[in-house]
Amino acid sequence: MKILEVASSLKDWGGIERYVLYLTQGLAERGHEVEATCPPGSPLAQRLTATHHRLALRGKHSIVALARYVRLLRSRKFDLLHVHFSPDFLMPAYAARLTGRTKVVLTRHVALRWSARKTKLYDKVFDHIIPVSHAVERKLRESGIPAEKMTVAKAGCPALSRSRPIEETRSELQMEGFSIGCFGRLVKEKGVETLLASDVEAQVHVFGEGPRKAELERAAKANVHFHGYISEVADAMGAVDVVAIPSVWEEAFPYAALEAMSL
């Protein structure tokens, strides 16, 4: 099968981006011909080994993007177009309908309901919908998506492996005693301040960057340490005693949990 994974609005390096990367690799290993769209210079573009097209979507109703997807689909003749993130939903799907040949599948990565208007539109536009967990499936059924139009395919990731001994990493990161690790973007919905406001006496090590970093650093107690972005997640995650996921919104299937379990 010839598949186009659509990631033209994915500019960060979070769970959905990792999902797309692992999916392209897994589908290729199974013998499919896989290509992707992604913004030039993005973290995903830097990591993709599959053929990828430099295409950035700056608005969900971009006529320019629609025209580019129409040209791409006509020239490459894909069997399946697969979208993952809201800004990318409509223009690639409309392009597939205009070219008339390509089936369109949507993977839903968040456990939030759709409005009645979106439910009606997406039910018409997409041939099938893939929730990444049963929690997501329940929300979509509550929204009005028919059960027979969905197939749950849980998120997955390659098992992480440490590149060096734990004690070496703990020494470098100045981890002493029982240590709690928090991994992810420093944004409101990830709830890092909930963890920092707790009465825990253990050492707390926060890994990640984001717009709330300075604010969180000002509010942090002496037992909290910020390490910023790290490239070797496996070493740091494998060195802590507990991985905390203090999200304050409904996580669908957090990669931090998958990665921690793999260690």
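All values derive from a computational prediction rather than experimental measurement.
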> Looking at G59, is its backbone amide N or carbonyl O close enough to the side chain of H61 to form a donor-acceptor pair, meaning the two atoms are under 3.5 Å apart?
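Here the side-chain-to-backbone pair does not exist.
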> Which value, rounded to the nearest 0.5 Å, describes the distance between D123 atom CG and I129 atom CD1?
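That separation rounds to 6.5 Å.
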> Quick check for you: to the nearest 0.5 Å, what is the distance between D241 atom CG and F178 atom CZ?
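It comes to 4.5 Å.
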> So, are E172 and R164 salt-bridged, with charged N and O less than 4.0 Å apart?
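Result for this pair is yes, salt bridge flagged.
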> Which residues satisfy the salt bridge (Lys or Arg N to Asp or Glu O under 4.0 Å) test with E217, sequence neighbours excluded?
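Here no residue qualifies.
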> Is the closest side-chain donor-acceptor distance between Y122 and S143 under 3.5 Å?
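No pair is found: no donor N or O on one side chain lies under 3.5 Å from an acceptor on the other.
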> In the single-linkage hydrophobic clustering (I, L, V, M, F, W, Y; side-chain heavy atoms under 4.5 Å), do I245 and L195 co-cluster?
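Different clusters.
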> Report yes or no: does S8 contribute a side-chain atom to a donor-acceptor pair with the main-chain N or O of T37 at less than 3.5 Å?
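A pair under 3.5 Å: no.
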> For the atom pair CD1 (I16) and NE2 (H84), what is the distance rounded to the nearest 0.5 Å?
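I16 CD1 to H84 NE2: 9.0 Å, rounded to 0.5 Å.
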> Salt bridge (charged side-chain N to carboxylate O under 4.0 Å, His left out) for D127 and K149? Distances and angles first, verdict last.
CA-CA 8 Å; D127 295 295; K149 191 159 188 168; over 6 Å; no
> CZ of R54 to CZ of R68: how many Å apart, nearest 0.5 Å?
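One gets 9.0 Å once the value is rounded to the nearest 0.5 Å.
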> Check R101 with D79, please: is the shortest side-chain N to carboxylate O separation under 4.0 Å?
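Answer for the salt bridge query: yes.
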> When clusters are formed by joining ILVMFWY residues with side-chain heavy atoms under 4.5 Å apart, either directly or through shared neighbours, do L112 and V136 land in the same one?
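They do not share one cluster, since no chain of ILVMFWY contacts under 4.5 Å joins L112 to V136.
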> Under 6.0 Å from the CD atom of Q46, do we count more than 12 heavy atoms belonging to anything else shown?
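For Q46, atom CD is crowded (more than 12 foreign heavy atoms under 6.0 Å).
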> Around K221, counting heavy atoms of other residues, nucleotides and ligands shown, do more than 12 lie under 6.0 Å from its NZ?
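Above 12, so yes.
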> Scan for side chain to side chain donor-acceptor pair (under 3.5 Å) pairs involving residues 184-196, sequence neighbours excluded, and state none if there are none.
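Those involving residues 184-196 are K190-E251, E193-R212.
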> Just wondering, more than 12 heavy atoms not from K154 lying within 6.0 Å of its NZ?
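No - once you tally the heavy atoms of other residues, nucleotides and ligands closer than 6.0 Å, there are 12 at most.
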> Does L121 reach the side chain of W114, with side-chain heavy atoms less than 4.5 Å apart?
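No. Closest side-chain heavy atoms not under 4.5 Å.
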> Within a radius of less than 6.0 Å around NZ of K213, do more than 12 heavy atoms belonging to other residues, nucleotides or ligands occur?
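Correct, the count exceeds 12.
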> Under the 3.5 angstrom rule, does the side chain of R138 hit a backbone N or O of S133 as a donor-acceptor pair?
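Checked: no pair found.
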> Could you give the distance from NE2 (H205) to OG (S179), rounded to the nearest 0.5 Å?
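Answer for the NE2-OG pair, H205 versus S179, is 4.0 Å.
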> If you round to the nearest 0.5 Å, how far is CZ of R162 from CG of L263?
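With rounding to 0.5 Å, CG (L263) is 6.5 Å from CZ (R162).
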> Are the side chain of K2 and the backbone N or O of R76 linked by a donor-acceptor pair below 3.5 Å?
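Yes; judged by distance alone, with no hydrogens or angles, the pair exists.
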> Just grab all the side chain to side chain donor-acceptor pair (under 3.5 Å) pairs involving residues 10-30, residues at least two apart or on different chains.
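Residue pairs passing side chain to side chain donor-acceptor pair (under 3.5 Å), neighbours aside: R18-E259.
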